[in-house]
J.: 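Got a structure for you, questions after.
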Protein chains: 2
Amino acid sequence: MDTHYISKITSFYHAHKRMPTYSEIAALLGFRSKNAVYKLVQKLVDEGIVDKDKSGRLLPRRLESELPLLGLVKAGFPSPAEEELRDSMNLEDFLIEKKESSYLLEVDGDSMIDAHIAKGDLVIAERSEKASDGDIVIAEVDGEWTMKYFRDRGGKVWLEPANKQYKPIYPTEGLRIAAIVKGVIRKY
Amino acid sequence: MDTHYISKITSFYHAHKRMPTYSEIAALLGFRSKNAVYKLVQKLVDEGIVDKDKSGRLLPRRLESELPLLGLVKAGFPSPAEEELRDSMNLEDFLIEKKESSYLLEVDGDSMIDAHIAKGDLVIAERSEKASDGDIVIAEVDGEWTMKYFRDRGGKVWLEPANKQYKPIYPTEGLRIAAIVKGVIRKY
DNA sequence: AGTATAGGTGAACAATCGTTCACCTGTCAA
DNA sequence: TTGACAGGTGAACGATTGTTCACCTATACT
């Protein structure tokens with residue numbers, strides 16, 4: 001169908017970081033009239049693939065940067081035909097709630113290895129001075145920065161590594177929490 | 001400085017999924033003249049925060065969806081002042097090389113736990129029928145789908161779990177590889 | 001006091017935007 | 001054979017685009 005048109009528009013969007021104008025789509029698809037594009041766009045809007053401004057400009061929707069989410073590994077593997085039906089999601093929106101106060105940190109050391117956070121991984125940290133029991137936090141304790149589990153049992157707080165080789169840290173003079181770890185990403 | 005302006009423009013970009021026009025920026029920042037915006041934009045371009053089309057339209061650059069990358073956890077924690085200097089990156093571009101052939105899978109089971117891929121994690125899988133020794137693959141072997149290490153020693157291939165409780169799988173009749181795992185993401 | 005200079009106003013410019021119109025094909029069904 | 005219709009052309013529309021101009025402040029520095 002027009003899946004070929006969509007992929008061309010998607011390419012443009014990713015290359016130029018904005019949606020094409022009607023003239024540009026015409027050039028892209030080989031149309032000589034903007035009206036041909038206009039009618040095509042109407043259909044794409046009806047299908048929920050793109051959106052329109054109130055001023056008519058195109059906005060990405062399905063094609064933005066979403067990845068198909070195909071289900072559990074163990075549950076079997078969907079055929080290409082099934083894929084259309086499944087959910088899809090935007091990585092960025094999924095991982096990061098507060099863009100302004102989030103940042104990435106590269107992990108060094110193995111103190112959180114039992115939580116399956118390994119050296120070389122990137123963690124998504126969200127600035128916060130408060131944490132709840134069980135959170136993984138980036139904190140400064142006694143002048144040094146580390147990533148540990150935050151423990152709070154009835155007001156008594158300490159930091160606990162996820163590695164039996166290390167001991168919990170009971171802060172002597174103040175514990176400064178800088179951020180809470182909200183996610184982990186790893187690339188092969 | 002103009003960091004306040006930038007955050008307003010960033011908000012618009014994330015809310016509307018496109019960059020604002022000059023008139024819209026004027027309304028956004030309380031300017032009554034587009035020329036004030038024009039001069040402001042020139043500075044932002046010089047600072048490398050936004051880009052311009054050849055037709056003058058604004059393009060996102062720094063503010064797109066990039067997260068600051070602040071260095072190693074262990075190496076200490078940068079002060080807010082230092083943050084400006086550090087690198088930044090786009091999660092989507094970083095994790096996914098081939099958008100068209102990538103998809104997400106939720107992990108079930110613990111057969112890759114020693115590779116620090118746990119139940120509930122999402123893996124980024126890239127469609128491929130070939131794999132190299134050491135790759136983590138999604139494969140169908142003897143009618144069942146699993147995620148395992150792919151082993152290839154001189155033409156003899158098998159699948160190896162990252163969990164001592166499970167045994168390697170030596171495919172009897174054909175091994176069908178569907179995808180190679182390119183990344184792992186986990187959300188707390 | 002004088003004078004640069006950064007930063008804002010307001011009006012105008014050609015160019016391009018999305019939209020609409022009438023019109024011209026093919027294709028398919030009745 | 002006829003009619004309906006999806007899909008394309010080409011020209012025109014008002015609106016809005018980015019840009020440029022002359023001009024008006026304040027503030028800061030000789």
Side-chain angles (χ1 to χ4, degrees), chain A residues 1-66 81 84 100, chain B residues 1-66 81 84-85 90 100:
Chain A
M1 268 303 260
D2 34 30
T3 158
H4 179 243
Y5 292 161
I6 297 174
S7 80
K8 287 229 172 183
I9 294 176
T10 305
S11 303
F12 186 101
Y13 176 67
H14 286 134
H16 294 75
K17 297 188 177 182
R18 64 169 174 85
M19 290 296 278
T21 66
Y22 284 48
S23 324
E24 284 166 336
I25 296 181
L28 216 55
L29 306 183
F31 291 155
R32 244 176 305 209
S33 167
K34 284 195 295 177
N35 189 24
V37 179
Y38 185 78
K39 292 176 183 172
L40 172 67
V41 167
Q42 292 291 22
K43 297 206 317 191
L44 296 184
V45 170
D46 290 344
E47 295 174 24
I49 296 174
V50 300
D51 271 342
K52 272 204 205 184
D53 257 341
K54 56 194 160 211
S55 64
R57 276 173 295 232
L58 259 54
L59 296 181
R61 195 171 160 132
R62 270 292 146 84
L63 50 84
E64 190 194 3
S65 58
E66 306 200 330
E84 306 287 338
E100 322 77 46
Chain B
M1 269 303 257
D2 35 30
T3 157
H4 179 243
Y5 293 161
I6 297 174
S7 79
K8 288 229 173 188
I9 295 176
T10 305
S11 303
F12 186 100
Y13 176 67
H14 286 135
H16 295 74
K17 298 188 176 180
R18 65 170 174 83
M19 291 296 277
T21 66
Y22 284 49
S23 324
E24 284 167 336
I25 296 180
L28 215 57
L29 305 184
F31 291 156
R32 242 175 311 208
S33 167
K34 285 194 295 177
N35 189 25
V37 179
Y38 185 80
K39 291 177 182 171
L40 172 66
V41 166
Q42 293 291 20
K43 296 205 323 191
L44 296 185
V45 169
D46 289 344
E47 294 174 24
I49 296 173
V50 300
D51 270 342
K52 273 202 203 185
D53 256 342
K54 57 194 158 210
S55 64
R57 275 173 295 233
L58 259 54
L59 296 181
R61 197 174 159 126
R62 270 294 144 86
L63 50 84
E64 189 195 5
S65 57
E66 306 198 331
E84 307 286 338
L85 308 172
N90 180 313
E100 322 77 46

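Proteins get letters first, then strands, A, B, ... in listed order; numbering begins at 1 in each.
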J.: When you get a sec, tell me which of D:dG10, C:dC17, D:dG7 is the closest nucleotide to the side chain of A:K39?
T.: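 Ranking D:dG10, C:dC17, D:dG7 by closest atom to the A:K39 side chain puts D:dG7 first.
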
J.: How far apart are the closest heavy atoms of A:F12 and A:M19, and which atoms are they?
T.: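 Nearest heavy atoms, A:F12 then A:M19: CE2-C, 4.0 Å.
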
J.: If you go through the side-chain atoms of B:K34, does one of them form a donor-acceptor pair with the base of D:dG18 closer than 3.5 Å?
T.: yes

J.: Could you check which of C:dT19, C:dA22, D:dT19 has an atom nearest any side-chain atom of A:N35?
T.: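 Nearest listed nucleotide: C:dA22.
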
J.: Which whole-number value in Å describes the distance from B:D53 CG to C:dC17 P?
T.: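 It works out to 10 Å between those atoms.
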
J.: Measure from the side chain of A:T21, starting at C-beta and using heavy atoms only, and say which of D:dG8, C:dG10, C:dC17 lies closest.
T.: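 In terms of side-chain proximity for A:T21, the closest of D:dG8, C:dG10, C:dC17 is C:dC17.
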
J.: Between C:dG8 atom C1' and B:Y22 atom OH, what is the distance in whole Å?
T.: 17 Å

J.: Looking at C:dC17, D:dT17, C:dT20, which one has an atom nearest to any side-chain atom of A:S23?
T.: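 It is C:dC17.
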
J.: Return whichever of B:R57 or B:S33 has its heavy-atom-nearest nucleotide of DNA chain C closer to the 5' end.
T.: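 Nearest-nucleotide comparison on DNA chain C picks B:S33.
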
J.: Over how many whole Å does the gap from A:D46 atom CG to D:dA6 atom P extend?
T.: 13 Å

J.: If you compare every side-chain N and O of A:K52 against the phosphate oxygens of C:dT19 (OP1, OP2), does one of them come in below 4.0 Å?
T.: yes

J.: State which of D:dT17, C:dG8, D:dG8 makes the closest approach to the side chain of A:A36.
T.: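 Closest nucleotide among those given: D:dG8.
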
J.: Please give me the minimum heavy-atom distance between B:L40 and B:F31, naming the atom from each residue.
T.: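 That would be CD2-CE1, 4.4 Å.
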
J.: Find the distance B:L29:CG to C:dG7:P and express it as a whole number of Å.
T.: 14 Å

J.: Taking A:T21's backbone N and O only, do any of them form a donor-acceptor pair with A:E24's side chain (distance below 3.5 Å, no angle check)?
T.: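 Yes; judged by distance alone, with no hydrogens or angles, the pair exists.
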
J.: Whole angstrom is fine here: how far is it from CG in A:D51 over to C1' in C:dG18?
T.: 16 Å

J.: Salt bridge check, A:D53 against B:R18: does any charged N sit closer than 4.0 Å to a carboxylate O?
T.: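 Looking at B:R18 and A:D53, the cut-off is met.
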
J.: Nearest-Å distance, CG (B:L58) to P (D:dT17)?
T.: 12 Å

J.: Of the candidate nucleotides C:dG7, D:dG10, C:dT9, which contains the atom at the shortest distance from the side chain of B:K43?
T.: C:dG7

J.: Just how far, in rounded Å, is P of D:dT9 from CG of A:L40?
T.: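 Result: 12 Å.
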
J.: Could you give the OH-to-P distance, from A:Y38 to C:dG18, as a whole number of Å?
T.: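 In whole Å, C:dG18 P and A:Y38 OH are 11 Å from each other.
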
J.: I want to check something: taking the side chain as every heavy atom from C-beta on, are B:P60 and B:V50 in contact at a cut-off of under 4.5 Å?
T.: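 The answer is no, as the side chains (C-beta and beyond) never meet within the 4.5 Å cut-off.
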
